[in-house]
Amino acid sequence: MYSLEEIEREIKKCKKCRLWKSRRNPVAGEGNEKARIMFVGEAPGRVEDETGKPFVGKAGQFLNEVLEANEIDRKDVYITNVVKCRPPNNRDPLPDEIAACSPYLEKQIDIIKPEIIATLGRFASSFILSLYGFNSLPMASIHGKIFNVPLHGIKIIILYHPAACIYNPKLKKVFSDDIKKLAELKKNCF
Ligand code: URA
Ligand code: SF4
């Protein structure tokens, strides 16, 4: 059985897709190995690529604020991305990059065994939904919804990407309301 550290070591030397050429630091993920909530984003951005840590740039700061307001401590959760290296100029990750990288995420999920997976944005949402056999729908119709996977003891909650909220401030309130639902789900689950 793998450990999170072993996965991180593999990611650090990984060249399974073209993104290794332009990355500075791969971002394996960060947080509590025993986390009951796992956040999954899209791919590292500029500051994440510079620091090797997930969600530390502007989007991460907004996420932190909303988590804090809802008494969810980042120390208690695990945060990672579908793709572990930054796509040039933050372009969307390509299907072959997602296919090459996602086995790392699947192994992280196997180790952490979260009770709740909170997906941030459409790439993470469609990847996680399809992993557990659900069809993906546009974010506008599924954000804030909870998908139950009893077989794995997992609940999936779909969230907008915090960066989308920065580009479109109307989404900030929607995002906070959805995180509130996550906080309630957490209370009911644990
Ligand atoms: N956006 C993401 O999807 N992930 C990060 O780690 C940072 C920004
Ligand atoms: Fe490897 Fe993933 Fe980085 Fe591609 S994005 S090089 S698959 S760690």
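Atoms within each ligand, like the ligands themselves, are counted from 1 in listed order.
No hydrogens or angles considered: a donor-acceptor pair under 3.5 Å links the side chains of Thr80 and Lys84.
Annotation for Lys181: atom NZ counts as buried by contact number, over 12 foreign heavy atoms lying within 6.0 Å. In Asn188, the CG atom is crowded: over 12 heavy atoms of neighbouring residues, nucleotides or ligands sit closer than 6.0 Å.
Listed by atom number, the atoms of ligand 1 under 4.0 Å from His161 heavy atoms are 1 (N), 2 (C), 3 (O). Residue Glu42 approaches ligand 1 through these ligand atoms, each under 4.0 Å from one of its heavy atoms: 2 (C), 3 (O).
With atom 5 (C) of ligand 1 as the reference point, the heavy atom nearest to it among Ala43, Gly60, Gly41 is part of Ala43.
Shown are Lys21, Arg91, Lys16; of these, the salt bridge (Lys or Arg N to Asp or Glu O under 4.0 Å) with Glu97 is made only by Arg91.
Under the 4.5 Å side-chain heavy-atom criterion for Ile, Leu, Val, Met, Phe, Trp and Tyr, Ile146 and Phe39 are members of the same hydrophobic cluster.
Within the protein, the N, O or S atoms sitting under 2.8 Å from atom 1 (Fe) of ligand 2 are Cys14 SG.
Within the structure, ligand 1 lacks Val27 among the residues with a heavy atom less than 4.0 angstrom away.
For ligand 1, the polar-atom distance check finds no N/O of Glu48 at less than 3.5 Å from any of the ligand's N/O atoms.
The proximity of Arg23 to ligand 2, defined as any non-hydrogen pair under 4.0 Å, is limited to the side chain.
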